[in-house]
Amino acid sequence: MKTNNVMLHTITRIVTFIILLFSIYLFFAGHNNPGGGFIGGLMTASALLLMYLTFDMTTIKKALPFNFTHIIASGLLIAILTGVTSMLLGYPFLHQFDDYFNLPLFGEVHLATALPFDLGIYLVVVGIALLIILTIGEDDK
Amino acid sequence: MTSLHWAILAPFLLAILIPFFYKYVRQIHTGWFVLVLPLSLFVFFLQFLPITSNGGVIHETVPWVPSLGINFTVYLDGLSLLFALLISGIGSLVVLYSIYYLSKKTESLNNFYVYLLMFMGAMFGVVISDNLIVLYVFWELTSLASSLLISYWFHREKSTYGAQKSMLITVFGGFSMLGGFSLLYVMTGTFSIREIIEVADVIVTSPLFLPAMILVLLGAFTKSAQFPFHIWLPDAMEAPTPVSAYLHSATMVKAGIYLVARLTPVFGGVAEWFWLVAGFGIVTLCWGSISAVRQKDLKSILAFSTISQLGLIMCLLGLGSASLYYGYGTDTTMYTTATLAAIFHLINHATFKGSLFMTVGIIDHETGTRDIRKLGGLMSIMPITFTISLIGVASMAGLPPFNGFLSKEMFFTGVLNAATLDIFNMETWGLLFPVLAWIASVFTFLYCMIMFFQTFTGEFKEENYDRHVHEAPIGMLISPIILGSLVIIFGFFPNLLSYTLIEPAMAAILPGLLAPNETFYVNIYMWHGFNTELFMTIGVIVVGTLFFLSMKKWAKTAIYLRERDPLNYVYDHSLVWLVKGSTKVTHIQMTGLLRDYFAYMITFLVLMVGYTLYRYNAFTIDTVNVAEISPYMWILTFVFIAATLSIPFINHRITAIIVVGIIGFLLALFFVVFRAPDLALTQLLIETVMVVLLLLAFYHLPELRKEKFTPRFKMTNAVISVAVGVVVTLTALSAYALSHTNNMNPISDFFVENSYDLAGGKNMVNVILVDFRGLDTLLEVLVLGIAALGVVTLIKLRMTGREDV
């Protein structure tokens, strides 16, 4: 696409930012409100997708130099390691721990081991969605 | 997690680090890092010797899937410890040897040591686990690791052939074994070997007893290369020699022996077990020893020799199990000799066969050939190798004063005792055992002589070798020297082993035979008087030597020239038929049309669900409790139906995509109406991504064209789709009605009550995803990941085969 669509580009820049923020909110809100790793991941993927649709492929590749295969792998690893950690402590696989902590700036925060597990899911979902779409999109044969 | 659990896991943990050692510490041979582990494990296991030799056992459980009775339970008694020491001890020597055998410049050592460590850990897991399922997992892991090791030089066609063969045969056995284990679970309700042994007298009467026994034995026989499953072992000799020394003399092939020994208390004491184990053992012994004589390759001779010796041990275990029939008494000591001989020979075999494999590896490494027709006169050129080989071969042939002599004499005692048994129809067939054993021993003696004299004596012909032949470096000789020394030490002081290793192992194989605080009387003598056994040995030596001297006469006969085992043809042909058969089946089922697959899957689903509903008479429709439907819902439903019905009439692809998108978004709207924000959000996002994806792929899709379908085809499709709709609706309605009439507690109540208390989250959907059913989620994303990789391989790489992602 050669045309330089200023409106689209400007709006996309802003909107992508908002969607990304929202996806991060969704990710963290997941345990108590609608959201979570799967939805957050999809939201992030759609934000990035919007960027891919607006700008051309090479620009984005410069901006986001990620190998999505590696992202899938690291997401899976994080999720599995969360499960294995509880095994090492003598609990069954994927046993969950949670407790309340008083952190500076944040006040009382509820932390659960579901979070790193969810982070793994998040990464896998982002990686898969983008990997599939980009692979098909880039295919020019 | 106790130290024993960690001992099993340690090799796997080290395996993760190997690629780093290999990549960043290039100047040091990776083997040195590996060597530390088996050495320290050997020392670690040694400290349990005092415990087990006093009859103690160690038993620790880590829950794994407690609800299914699957726990990571370690159980260390005399038998397990014996094997653990073999695995770690021989493992150390093999790793040391491999450091000199495999060059750090040309070989991909990272692969080798990762496979080797994986194998080692799996072997520990097999022998120390008490839980049958855990044992099975490790068992299959040994098959996997060993076939990776066999195909280590994967560019050679023979290596991959051998690896595939070993894998097919041992995994086939493993599956049968799993079936046997499941039957044991059905009979006893537990997977714990210890608990099964406690109720052994109950399961003997069960109708499932015999099938379970046969299935388990299939596993043990395939693993331990018993006739007729032995054909994989000679082909496995394509592996690097350290691997052959480790897997095929000391560890993997002995897993089957271990299993038979371990389950003797469960199955032993009945005629079927006795005949199957002892019978297949003695046939394997004869077949292996006769086949070994025909081989021209040193490693092949050793391979068939291993097969025959495994048969010998198996046979002895079968004979020894007869003592369980008699129960405790003075008579039993006579029959336990067989078990004693089995364990003693197991240790001896590991020592002499290990050292022989290593010397053969040295010969191969230094001369470039293993063909006995080319070799000759190495005695003066490789004096140390010659000496070690002499010790090993003499022990294998059963000559005094080496340990092989002792265990062979006890083997003769065992088969002679068997001839005097008067149970299990042994009155008529009992004499077969000593006769066959004696014949096999003659052939054993013969191939030992062939192997030894052809290699080391005679004339040294320099032109036969493509390199300068010289003695191996000292580092390569250390391991065989240690093993050779053990052969002599165990020969002269066999009772070093009797109290520490053999007695506790016997007690583990034959429990309940001893009164409390009593041990088996094991006293092994080199000189046991002029008895039948000694005359049998003398006979073996005389006849064997005569055969060897007259070799020229019968060396031209057809039997001698045929190197390849005739049973291989059965394997090759069945493989061809397997491929042909599966191609046929696949062609019926895999038409390449997506709609056929859908039709199969959905029809199956409808039939199953419909039948279940019919069978349990579950059709109920309850209109009393149904809530009122608002006009808003009516409109939504109408649009939904209209959109769905319009799809078959759309001729433009882009319209079709948009309509499908509408259906998806409407579904999200339904979720919103029914207050499921999580699902609505997910549905919306998925739908968006899907529509983008479809549009991206749009460019590549072929034109929609009017297809002409026969009315019959259309009818079938209509019937299937209507059936799906009806069955799903009926199921939903019935489920709804049943939940009201039967006073059932829906599972959602559990999540509502417990999601905050147990998982600390207020969003039930998310808590289910990450906690209550976290494993499901993990595996689902794993599936998604595999699908994504599939897309990449299909589109980006356009793989033509033999490529890696």
Side-chain angles (χ1 to χ4, degrees), chain A residues 26 29-39 41-43 45-46 49-50 52-53 68-69 72-73 75-76 79-80 82-83 87-94 96-100 110-115 117-118 120-121 124-125 127-139 141, chain B residues 1 9 62-67 72 676-682 684-686 688-690 692-697 699-700 755-756 758-763 765-767 769-775 777-778 780-798 805:
Chain A
L26 272 182
H31 217 45
N32 294 321
N33 292 309
F38 201 84
I39 301 178
L42 276 176
M43 194 62 108
S46 51
L49 210 58
L50 188 63
Y52 279 111
L53 288 178
F68 291 108
T69 323
I72 297 177
L76 277 176
I80 290 169
T82 332
M87 266 178 110
L88 297 186
L89 297 171
Y91 290 92
F93 185 67
L94 274 176
Q96 203 201 143
F97 307 94
D98 69 307
D99 208 347
Y100 291 87
H110 181 201
L111 290 179
T113 48
L115 191 74
F117 180 77
D118 228 10
I121 305 295
V124 177
V125 170
I128 290 165
L130 290 174
L131 184 66
I132 292 182
I133 288 178
L134 295 187
T135 316
I136 295 177
E138 272 178 316
D139 185 39
K141 274 174 204 157
Chain B
M1 296 287 269
L9 295 179
V62 170
W64 186 11
V65 194
S67 50
F72 191 9
D678 277 276
L679 292 182
L681 205 55
T682 316
L684 271 177
L685 287 165
I686 289 276
T688 315
V689 174
M690 283 303 285
V692 171
L693 196 66
L694 277 174
L695 290 175
L696 273 174
Y699 177 75
H700 301 279
S755 68
Y756 194 72
L758 292 181
K762 288 175 195 141
N763 176 5
V765 178
N766 189 263
V767 165
L769 280 178
V770 296
D771 189 329
F772 289 126
R773 308 218 53 92
L775 191 63
T777 313
L778 184 64
E780 273 157 22
V781 291
L782 183 69
V783 170
L784 278 178
I786 293 168
L789 289 183
V791 171
V792 173
T793 45
L794 280 175
I795 292 178
K796 206 173 205 170
L797 305 175
R798 299 194 190 276
V805 178

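Each chain gets a letter, A, B and so on, in the order the sequences are listed, and its residues count up from 1. We use all heavy atoms of the structure for the numbers below, so side chains are in, but hydrogens, waters and symmetry mates are not.
Proximity to chain B (any heavy atom under 4.5 Å) is restricted, for Leu26(A), to the side chain, taken from C-beta onward. If you measure heavy-atom distances from Thr688(B) to chain A, you find no contacts under 4.5 Å at all. Both the backbone and the side chain of Ile686(B) come within less than 4.5 Å of a heavy atom in chain A. The parts of Ile133(A) that come within reach of chain B are both its backbone and its side chain, each placing non-hydrogen atoms under 4.5 angstrom from that chain. With a threshold of 4.5 angstrom between heavy atoms, Ile72(A) approaches chain B through side-chain atoms but not through N, CA, C or O. Looking at Val781(B), both its backbone and its side chain come within 4.5 Å of chain A, counting heavy atoms on both sides. Looking at Val765(B), neither its backbone nor its side chain comes within 4.5 Å of chain A, counting heavy atoms on both sides.
With contacts defined as side-chain heavy-atom distances shorter than 4.5 Å, the pair Thr69(A)/Leu789(B) qualifies.
Note that CG of Asn766(B) and CG of Asp118(A) are 5.0 Å apart. Values are rounded to the nearest 0.5 Å. Interatomic distance, CG of Leu778(B) versus CD1 of Ile121(A), reported as 6.0 Å (0.5 Å rounding).
Across Leu769(B) and Phe117(A), no two heavy atoms sit closer than the pair O-CE2, 4.1 Å.
The candidate with the highest count of non-hydrogen atom pairs below 4.5 Å against chain A, out of Ala788(B), Pro63(B), Ala676(B), is Ala788(B). Contact tally against chain A (heavy-atom pairs below 4.5 Å) for Val791(B), Leu782(B), Asp678(B): the top residue is Asp678(B).
Val792(B) pairs with exactly one of Leu131(A), Leu134(A), Ile132(A) by the side chain to side chain contact (heavy atoms under 4.5 Å, CB included) rule, that one being Leu131(A).
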